[in-house]
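See structure below.
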Amino acid sequence: MVTHGRPSLAPEIDQFRAQFERVSADADALTAALSDEQFTWRPGQDSWSIAECLDHLNATARVYLPALDEGIADAIRGGVYGEGPFKYNWLGRLSVRFSEMRVRFKAPEDMQPAPGRSRREILAAFRAYQVQYVARLRQANGVDLARARVRVPVTSWLRIPLGSGFAVMVAHSQRHLAQARRVTEAEHFPSH
C-alpha cells in the first residue's frame, strides 16, 4: 500500500514513529513556557537541569544513531526482512525494561550533557534527533525487527533486536523527559 507517494509504514514501525513524535511534542510542551532561568535551574548539585536532561538525550542520539544505521544496513545487506508483529528475545525485552526503570547511574562520558550549550541549540538539536529517529524507522520499514540486530553503544559487544533498540531509545527519552518534568516540581524551582 502506498500513501502520498510513499509506501505505508508497517504497524510496529508506525507505532515507534508516533512515540518519537510524542517525545518531541512532550518536550516542546514542557519547555515552551519556561524562562531561561527555569530551563537551566538545577534542583541540586548532583541533579540535572531540564537543559541537561535534554542535552543528555542529544548526546545519546549522537552515539546511538550510528549503531541504528549499522544495524539497519546489516539487515538490508543480509536480506533480513519480515512482517510483524515481532516477538523479541529476553535480552531485548530486558534492555527495554532497564531503560524504563528509574535507576540512577552516571552516564558514560560521551553521553554527558555538554556545558555552555544555549537553549536554542539544545532544543533545535533535540527536535532534529527525533526527526532522525523517524528517518531510521522509515529505512527499517520491512526489516525483521526481531531478527535484525543493533549494537548497544554502552556495551559494544552486546547486540539486541533492532526493534528493541528503537524501543530502548523511546523508553530512555520518556524517562529523561519525566526527570525533566520532576525538576519543575522541585522545591525552590524558580517561579519565572
Nearest-0.5 Å distance that lies between atom CD in Gln132 and atom CD in Gln139
10.0 Å

Can you tell me how far apart NE2 (His172) and CG (Leu177) are? Round to the nearest 0.5 Å.
10.5 Å

Excluding sequence neighbours, so at least two apart, what forms side chain to side chain contact (heavy atoms under 4.5 Å, CB included) with [X]?
X: Gln130; answer: Phe20, Val23, Ser24, Phe126, Tyr133
X: Ala186; answer: Trp41, Pro43
X: Ala51; answer: Phe39, Thr40, Ser49, Ile122
X: Val63; answer: Asp110, Met111, Pro153

Indicate yes or no for a side-chain donor-acceptor contact from Arg149 to the backbone of Ala146 under 3.5 Å, with no hydrogens or angles considered.
yes

By the salt bridge (charged side-chain N to carboxylate O under 4.0 Å, His left out) test, which pairs, at least two apart or in different chains, include something from residues 27-41?
Asp28-Arg127, Asp36-Arg119

Quick note, salt bridge (charged side-chain N to carboxylate O under 4.0 Å, His left out) partners involving residues 161-172, not counting sequence neighbours, are none

Which residues pass the salt bridge (charged side-chain N to carboxylate O under 4.0 Å, His left out) test with [X], sequence neighbours left out?
X: Arg147; answer: Asp144
X: Arg17; answer: Asp14, Glu21
X: Arg181; answer: none

By side chain to side chain donor-acceptor pair (under 3.5 Å) - contacts of Asn89 (at least two apart)
none

According to side chain to side chain donor-acceptor pair (under 3.5 Å), who are the partners of Gln174, at least two apart in sequence or on a separate chain?
none

Listed pairs under 3.5 Å, donor-acceptor, residues 70-86 side chains, sequence neighbours left out:
unit_1	atom_1	unit_2	atom_2	d
Asp74	OD1	Arg77	NH2	2.4

